[in-house]
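Here is the structure we will look at, set down as structure tokens.
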Number of protein chains: 2
Amino acid sequence: MKSSARGRRSSATRTARNPEATKTQILDAAEEEFARYGLAGARTEPIAANTGVTKAMIHYYFGTKEELYQAVLKRQAALFLSAVEQVDVSDLSPEAALRKFLRLAVDYENTQPYHGKVLLHEAMTNEGKYFKLTGWEVPIGLGAAVLQRGVDEGCFRPLDPWLTMVHIMGVMSFYFNAANNLKQLEPLSDCQSPEAIEAFAESAIAFVLAGVLKQPGESAS
Amino acid sequence: MKSSARGRRSSATRTARNPEATKTQILDAAEEEFARYGLAGARTEPIAANTGVTKAMIHYYFGTKEELYQAVLKRQAALFLSAVEQVDVSDLSPEAALRKFLRLAVDYENTQPYHGKVLLHEAMTNEGKYFKLTGWEVPIGLGAAVLQRGVDEGCFRPLDPWLTMVHIMGVMSFYFNAANNLKQLEPLSDCQSPEAIEAFAESAIAFVLAGVLKQPGESAS
DNA sequence: GTCTATACTGCGATAGAC
DNA sequence: GTCTATCGCAGTATAGAC
């Protein structure tokens with residue numbers, strides 16, 4: 001049952017006695033392991049093996065497995081929030097702002113494929129115990145504010161901004177989280193290629209925009 | 001870390017020497033455990049404890065943990081396909097047919113809360129190895145056919161029916177799968193109450209319909 | 001059919017050498 | 001800072017009594 005994910009050596013060659021590099025490599029391997037198995041299901045052994053160090057090093061740098069998990073969540077939060085902060089949306093139309101956020105969502109799933117999976121495992125296997133560490137209140141709040149602004153300005157149909165944010169997160173994340181199932185359906189067997197992901201991005205963005213934009217003849221709320 | 005989910009006795013009182021009842025109870029407890037932890041993370045101990053039997057009984061009836069997992073997937077598939085088969089959509093308009101499917105999706109997540117979570121874990125922790133056992137090609141294919149029919153008849157905008165089915169599955173499942181995270185956001189703290197779920201259902205159905213329906217002035221494909 | 005007891009391996013964590 | 005060795009418990013699975 002253990003697949004290629006376990007026991008494989010990390011691509012980055014280890015440099016002996018380089019604390020910062022070692023910590024980073026442990027966090028990289030841990031993030032991958034937690035993304036697949038969640039806190040409870042993750043094993044420290046493959047994390048150590050993929051890093052190229054022994055299990056003892058993990059405990060030396062991070063303490064218990066649970067503390068390592070929290071460290072992964074915190075590093076993800078810092079990286080993600082810095083990406084979100086770089087997006088200034090204040091002088092864009094609600095539609096343009098939403099487009100920008102949706103693009104960021106797809107790009108982030110692509111460049112940080114473990115981020116969303118760790119978050120989902122946090123909800124499913126860990127009951128959201130450490131959700132606060134992920135910093136996700138910020139982007140969700142920003143997104144909801146954009147939606148509310150669109151409703152107020154009359155370019156979006158009347159909608160609940162928080163629930164709609166949840167719908168949008170569902171659209172943007174499910175394709176990636178369920179990819180291993182989807183690829184076994186004939187028309188989606190190629191779903192992990194760059195071309196397929198770009199096709200998904202365009203389809204998803206069009207779907208979400210159609211879902212929130214007010215139709216021409218529709219009356220104001 | 002082990003929360004209330006583990007070690008709790010099943011609500012159904014056990015009846016000694018009733019093979020079918022025992023098998024059913026083991027499958028019930030196993031489904032809950034696999035829904036939370038996936039195949040790799042699930043433990044047979046809490047399954048036995050929640051059933052009220054010993055671990056030995058699990059192996060007596062189902063063999064290995066992995067075979068038990070397959071049995072859970074197969075039972076879910078049979079139940080789900082019988083529910084899907086009871087929906088006849090052939091003489092409904094595409095919009096009415098889609099509405100009917102979306103309602104079924106919400107109701108099914110409600111009455112079978114572990115179904116979708118097991119399926120998602122199958123993708124995330126098990127690489128979709130046993131996805132074929134779930135029978136999901138059928139409902140996804142039916143849904144895609146309805147979407148295609150809507151495009152052909154001109155009531156839905158031009159869209160990729162398979163990708164759009166994926167978007168829809170994302171909308172309908174994410175709320176439930178991420179509930180433990182979402183409930184920690186102030187406006188969604190109540191997200192698991194029946195009233196909140198009904199509000200989600202209406203919002204999600206409106207969102208999806210808006211996402212696929214052709215706008216009045218829009219030209220045909 | 002169900003239980004107790006146990007074999008055996010996996011795993012988290014620590015001690016102590018280098 | 002990193003490794004080897006090991007402790008002790010948790011976990012899957014089986015043997016055998018009832």
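Here is the naming used below: chain letters follow the sequence lines, and residue numbers restart at 1 for every chain.
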Drop me the distance from A:Gln25's CD to A:Glu20's CD, to the nearest 0.5 angstrom.
-> 11.5 Å

To the nearest Å, how far apart are A:Arg43 CZ and D:dC9 C1'?
-> 13 Å

Ignoring hydrogens and angles, answer whether the base of C:dG12 and the side-chain atoms of A:Lys55 contain a donor-acceptor pair closer than 3.5 Å.
-> yes

Between B:Glu122 and B:Lys129, does at least one N-O distance fall below 4.0 Å, as a salt bridge requires?
-> no

Whole angstrom value for the distance that separates P of C:dC11 from CG of A:Leu68 = 16 Å

Remember a base hit wins even if backbone is also touched, and classify B:Thr54 as base, sugar-phosphate or nothing at under 4.0 Å, heavy atoms.
-> base

To the nearest 0.5 Å, tell me how far A:Phe207 CZ sits from A:His167 NE2.
-> 10.0 Å

Reported NZ-to-CE distance for the pair B:Lys117 and A:Met124, which is rounded to 0.5 angstrom | 8.0 Å

Would you tell me if any nitrogen or oxygen in the side chain of A:Thr44 comes within less than 4.0 Å of OP1 or OP2 on C:dC11?
-> no

Spacing of B:Lys23 atom NZ relative to C:dG1 atom C1', expressed in whole Å | 13 Å

Rounded distance in Å - NZ (A:Lys65) to P (C:dT14) = 14 Å

Separation of D:dG1 P from A:His59 NE2 (nearest whole Å) | 17 Å

What nucleotide, of D:dC3, D:dT12, C:dC3, holds the atom closest to the side chain of B:Ala56?
-> C:dC3

B:Glu67 atom CD is separated from D:dA13 atom C1', nearest whole Å, by 12 Å

B:Thr22 side chain N/O closer than 4.0 Å to the phosphate oxygens (OP1, OP2) of C:dT2?
-> yes

Once the angle between the rings of A:Trp136 and A:Phe80 is folded into 0 to 90°, is it parallel (under 30°), tilted (30 to 60°) or perpendicular (over 60°)?
-> parallel

Atom-to-atom span, CD1 of B:Ile26 to P of C:dT2 - whole angstrom = 8 Å

Roughly how many Å is it from CD1 in A:Ile47 to P in C:dG12, rounded to a whole number?
-> 8 Å

For the side chain of A:Tyr61, counting heavy atoms from C-beta on, which of D:dT2, C:dT2, C:dA13 is nearest?
-> D:dT2

